[in-house]
Amino acid sequence: PATARTTREILAFLEADGRLDLAGRQRARRILDATDRLKFAREGGGEAFFAALDEDFAAVLAAMRPAPAEPEGAAAEDAGGAP
């Protein structure tokens with residue numbers, strides 16, 4: 001759905017979603033601003049630009065991924081129970 005939303009709408013969604021803290025939302029804003037500059041103003045590019053964009057993108061993806069499910073019985077083992 002991000003392709004059908006404005007930057008402002010995407011950032012509002014991310015704030016309401018709650019999985020990204022302020023730093024994560026700032027990274028998302030930098031990603032959106034950078035892609036807008038590339039698409040519409042033909043600004044940006046170069047190795048440093050894309051390295052920073054990749055770093056922000058990886059951090060946002062990591063924060064938005066669902067946590068892996070615990071293997072069955074792991075909670076019982078953590079509580080001192082038998083597997």
Side-chain angles (χ1 to χ4, degrees):
T3 59
R5 293 181 179 169
T6 65
T7 294
R8 181 176 290 155
E9 290 170 331
I10 293 168
L11 293 172
F13 168 80
L14 292 173
E15 186 170 359
D17 182 65
R19 287 185 279 176
L20 287 180
D21 59 7
L22 178 60
R25 291 191 310 274
Q26 289 171 334
R27 285 180 179 270
R29 176 182 290 282
R30 284 195 301 266
I31 292 167
L32 294 165
D33 288 344
T35 56
D36 284 348
R37 284 194 321 271
L38 281 171
K39 286 187 298 187
F40 302 118
R42 304 286 190 235
E43 294 176 357
E47 191 172 326
F49 175 87
F50 287 108
L53 193 59
D54 283 344
E55 185 179 315
D56 286 338
F57 190 63
V60 169
L61 281 180
M64 295 299 291
R65 278 198 185 103
E70 281 191 26
E72 205 167 306
E77 289 176 25
D78 289 342

When rounded to the nearest 0.5 angstrom, what distance separates [atom1] in [X] from [atom2] in [Y]?
X: Leu53; Y: Asp33; atom1: CG; atom2: CG; result: 11.0 Å
X: Arg25; Y: Leu32; atom1: CZ; atom2: CG; result: 13.0 Å
X: Arg8; Y: Ile10; atom1: CZ; atom2: CD1; result: 12.5 Å

Nearest heavy atoms of Ala28 and Val60, plus distance in Å: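 Looking at all heavy atoms of both residues, the shortest contact is N-CG2, 3.9 Å.
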Check Phe49 against Leu38 and note the closest heavy-atom contact, atom names and distance.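 Scanning both residues completely, I find the closest heavy atoms to be CE2-CD1, 3.5 Å.
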Are Phe50 and Leu61 grouped together when hydrophobic residues (ILVMFWY) are joined by side-chain heavy atoms under 4.5 angstrom apart?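 They do share one cluster, since a chain of ILVMFWY contacts under 4.5 Å joins Phe50 to Leu61.
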So does Ala63 get a backbone contact from the side chain of Arg19, meaning a donor-acceptor N/O pair under 3.5 Å?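 Answer holds: no.
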Dump the intermediate steps for side-chain contact (heavy atoms from CB on, under 4.5 Å) on Leu20 and Arg27, then the final yes or no. CA-CA 10 Å; Leu20 287 180; Arg27 285 180 179 270; over 6 Å; no
